[in-house]
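Computed from a predicted model, the values in this text were never measured in an experiment.
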Amino acid sequence: MNLGIYLVTDRHLCGARGVVETVRQAVEAGAGTIQLRDKAASISEHLDQVEALATVIDGRAVFVVNDRLDVVLAARERGIPVDGVHVGQSDDAVLTARELLGPDAIVGLTANTPQHLDAVGALPAGTLDYVGIGVIRPTSTKPNHPPALGFDGFGALARVSPVPTVAIGGVTFGDIARLRHEGADGVAVVSAICAAPDATEATRALVAEWNSAH
């Protein structure tokens, strides 16, 4: 699993370029993980997107779907390669996801409090692959987000996490070195790539930041 630069899709921010082309450019430029997030899509729309994204990703990055365990299971039944699912605190239980997807799938969870991480620590070993911790700063791409943690707040949670951590929420250029210093194993972005005029150039710049901060 290469967390690294972790792209979370947003169809509105991708604009005329579209999600599929944005993902193609991001993967070719070195994004390590792609998460399809589309709260408004039906299951059939989700499956169409999953199939199109799996084709352009072509095994070059980890591919997970946000929230929709049912979509991941349906995609796998059709033979569409999807690596796993990312769930929130109010979504399908991680134990259910692990049971249904098997030991080789990627299962991620949103966590933003010490209590969430305590619960992660109580899970059987191998249940979770990573947690997404945030938001780092206020962001319009995640309505009703919890209070912003900032770099220090993220670091405090990352240091006690029993699994790898991905920083998410308002992350942009210039943040990566500090987040790696605070313990991030990956950095998730939305606007920094989806809203960029050139998704390839934006991803390359983020990947370069990630690599130079190592």
Side-chain donor/acceptor of Q25 to backbone N/O of T200, under 3.5 Å: yes
Gap between atom CG of L128 and atom NE2 of H86 - 0.5 Å precision: 9.5 Å
Euclidean distance, L36 CG relative to H46 NE2, rounded to 0.5 Å: 5.0 Å
Spacing of OG1 belonging to T55 relative to CD1 belonging to I80, to within rounding of 0.5 Å: 8.0 Å
Which atom of D129 lies closest to which atom of M1, heavy atoms considered: O-CE, 3.7 Å
Taking every non-hydrogen atom, the tightest pair across D83 and A61: OD2-O, 3.8 Å
Test: E21 and R24 ion pair at under 4.0 Å: yes
Polar contact flag, side-chain donor to acceptor under 3.5 angstrom, E45-Q49: no
Residue pair V50 / V82: nearest heavy atoms and the distance that separates them: CG1-CG2, 3.4 Å
Electrostatic pair D198:R17 at N-O distance under 4.0 angstrom: no
Cluster overlap L3 with V171, hydrophobic side-chain contacts below 4.5 Å: no
Shared hydrophobic cluster for L206 and Y6 (ILVMFWY, side-chain gaps under 4.5 Å): no
Pairs under 3.5 angstrom only: tabulate donor-acceptor contacts from the side chains of residues 148-168 to other protein residues two or more places apart or in another chain.
unit_1, atom_1, unit_2, atom_2, d
D152, OD1, R178, NH2, 2.7
R159, NH1, E182, OE1, 3.1
S161, OG, V163, N, 3.3
S161, OG, V163, O, 2.7
T165, OG1, G183, O, 3.2

Rounded distance [0.5 Å steps], CD in E209 versus CG in D175: 7.5 Å
side-chain contact (heavy atoms from CB on, under 4.5 Å) partner of V87, chosen from T110, T96, V94: V94
Stepwise side chain to side chain contact (heavy atoms under 4.5 Å, CB included) test for L69 and L101: CA-CA 9 Å; L69 178 58; L101 294 177; 3.8 Å; yes
Distance, nearest 0.5 Å, that separates OG of S191 from CG of D10: 7.0 Å
A29 to V207 - nearest heavy-atom pair and separation: O-CG2, 3.8 Å
V85 to A97 - nearest heavy-atom pair and separation: CG1-CB, 4.0 Å
Any side-chain heavy-atom pair of V107 and T127 under 4.5 Å: no
Cluster overlap V71 with L7, hydrophobic side-chain contacts below 4.5 Å: yes
I176 with Y130, same ILVMFWY side-chain cluster at under 4.5 Å: no
Closest approach of L117 to A111 (non-hydrogen atoms, all atoms of both residues): CD2-CB, 4.1 Å
R11 side chain to V19 backbone, donor-acceptor under 3.5 Å: no
Residue pair I5 / I193, side-chain heavy-atom distance below 4.5 Å: yes
Residue pair T203 / E28, side-chain heavy-atom distance below 4.5 Å: no
Residue Q89 excluded, over 12 heavy atoms near CD under 6.0 Å: yes
Atom pair OG1 (T33) and CZ (F63), whose distance is rounded to the nearest 0.5 Å: 11.5 Å
Donor-acceptor contact present, side-chain R98 to main-chain A105, <3.5 Å: yes
Heavy-atom side-chain proximity of T9 to T22 below 4.5 angstrom: no
Joint cluster assignment, V190 & W210, ILVMFWY side-chain distance < 4.5 Å: no
Non-hydrogen side-chain atoms of T172 and R137 separated by less than 4.5 Å: yes
